[in-house]
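So the structure is just underneath, and the comments pick up after that.
Every chain is numbered from 1, with letters handed out A, B, ... down the list of sequences.
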Amino acid sequence: MTTIPFGPRRDEDALIAKAGELPKDVAPARDLWPGIQARLGEEAGRPAPRAFGWPSALAAGFLVAAVSALLTWGLLREPAPVAGTMADSAAPAQFVPVNYGPNSGIGAAQLAARDELLPEFRQRFARLAPGTQAVVLKNLAVIQQAADEIDAALAADPASGLLNEMLVGTYRQELGLYSRVVTAGDGSPRRT
Amino acid sequence: MAGGFVTGLANVTTDGEPERVARARRGEVAAFESLYREHVGRVYGLCLRMTGQAATAEDLTQDTFVSAWRSLPGYEGRSSFSTWLHRIAVNAVLASRRGPRGRLETSLTNEEGEDMELTAEDAMDEATPIDLERAIGSLPAGARDIVVLYGIYGYSHEEAAGMLGVAVGTCKAQLHRARHLLRARMRMEAGT
């Protein structure tokens, strides 16, 4: 077994001891309070977040996994799309990407991957059978519910690494959902 | 309105931290501003050192205090208020680093320090003489995080591991790696 030499203790290591002497406080170049105060004011105008707890957030995460299996089953049974037929014969189902709440820390940069996938997903989605579209939307609703509940739990426990990981997992589920729809509609061999 | 806050702030600054936390939990913004004034330097310093970007650190500092305000009802005083704020700040930094696929953009797997992330170094003023602070800023994210938390802010390996969501052994290995990299950079800077 390889033993990693972790080195001397904090007080025996001159470099780390020197780091410990650096100032702990660093003053920002501008007063950040007005921006914070404005956001607190906005919060006051909103209804208080629902008090979701861990069990609720965990349950939402499990539900996402369970319902996703339904989608796979539905897509595998989906007949090969015929260009234009579904889009022409049925009103397009309402599709809205998952909205991540203010506590999630998921911003535009993190959503870039989704933005790349969405145009092709929308095209494929419009060509799916109504039943499969419904399953996709049901999946999205479950993912949205999970995102909402994890976001609410993060409001109460923003320091939780596990909740943050669950949120990233939820985002991955959303990306996976779009990927499966895109992949299933690209003419790949499917089970009959 | 602003005068109200100033007056309120004058009233609460004579209180101890537990009293101000209790007042802030009851929704007194002036008490929370007082806590902000006391802790902003440490929170901003942590964010700046972990990100190496002043503008990003300012945003994350604001996010940290807004999250803290929302989460105050759940703060039970099991850790110090300062540590609690730092946990929120570390999570905000980690969330900001997550790439589109949930991977930490700046995390490295190479123990030799290859493929290093240079964002922090690039953000530094070219005219600033390279010193320990600058050398820390040029470390890859994983190594930098542990030097900041363990070396500068004095958290134990267990506390730092808990904040970063990694194993204690990983923290120790990252510190070991950071020592080597820091020494190499300091030697390089000294021209030896």
Legend entry - Note, B/Trp69 side chain near A/Ile36 side chain (heavy atom, < 4.5 Å): no
Legend entry - Best-contacting candidate, B/Ala92, B/Ser71, B/Gly74, against chain A by heavy atom pairs under 4.5 angstrom: B/Ser71
Inset, instruction - Compare every heavy atom of A/Ala19 with every heavy atom of B/Ile136, then report the nearest pair and how far apart it is. - result: CD1-CB, 4.3 Å
Inset, instruction - Give, for atom CZ of B/Arg179 and atom CG of A/Leu15, the distance between the pair rounded to the nearest 0.5 Å. - result: 8.5 Å
Legend entry - Nearest-0.5 Å distance that lies between atom OH in B/Tyr36 and atom CG in A/Leu40: 11.5 Å
Inset, instruction - Count the heavy-atom pairs under 4.5 Å between each of B/Val40, B/Leu46, B/Leu182, B/Val147 and chain A, then report the option with the highest count. - result: B/Leu182
Legend entry - Exceeds 12 heavy-atom contacts within 6.0 angstrom, atom CZ of A/Arg30: yes
Legend entry - B/Gln62 (side chain) donor-acceptor with A/Leu32 (main chain) under 3.5 angstrom: yes
Legend entry - chain A contact via B/Tyr75 - which portion, at a heavy-atom distance below 4.5 Å: neither
Inset, instruction - Let me know if B/Leu48 has heavy atoms under 4.5 Å from chain A in its side chain, its backbone, both or neither. - result: side chain
Inset, instruction - For residues B/Arg37 and A/Trp33, determine if any side-chain heavy atom of one lies less than 4.5 Å from a side-chain heavy atom of the other. - result: yes
Legend entry - Side-chain donor or acceptor of B/Tyr153 paired with backbone N/O of A/Lys24 under 3.5 Å: yes
Legend entry - Salt-bridge present (B/Asp131, A/Lys18; N to O < 4.0 Å): no
Inset, instruction - Could you tell me which portion of A/Asp31 (side chain, backbone, both or neither) has an atom closer than 4.5 angstrom to a non-hydrogen atom of chain B? - result: both
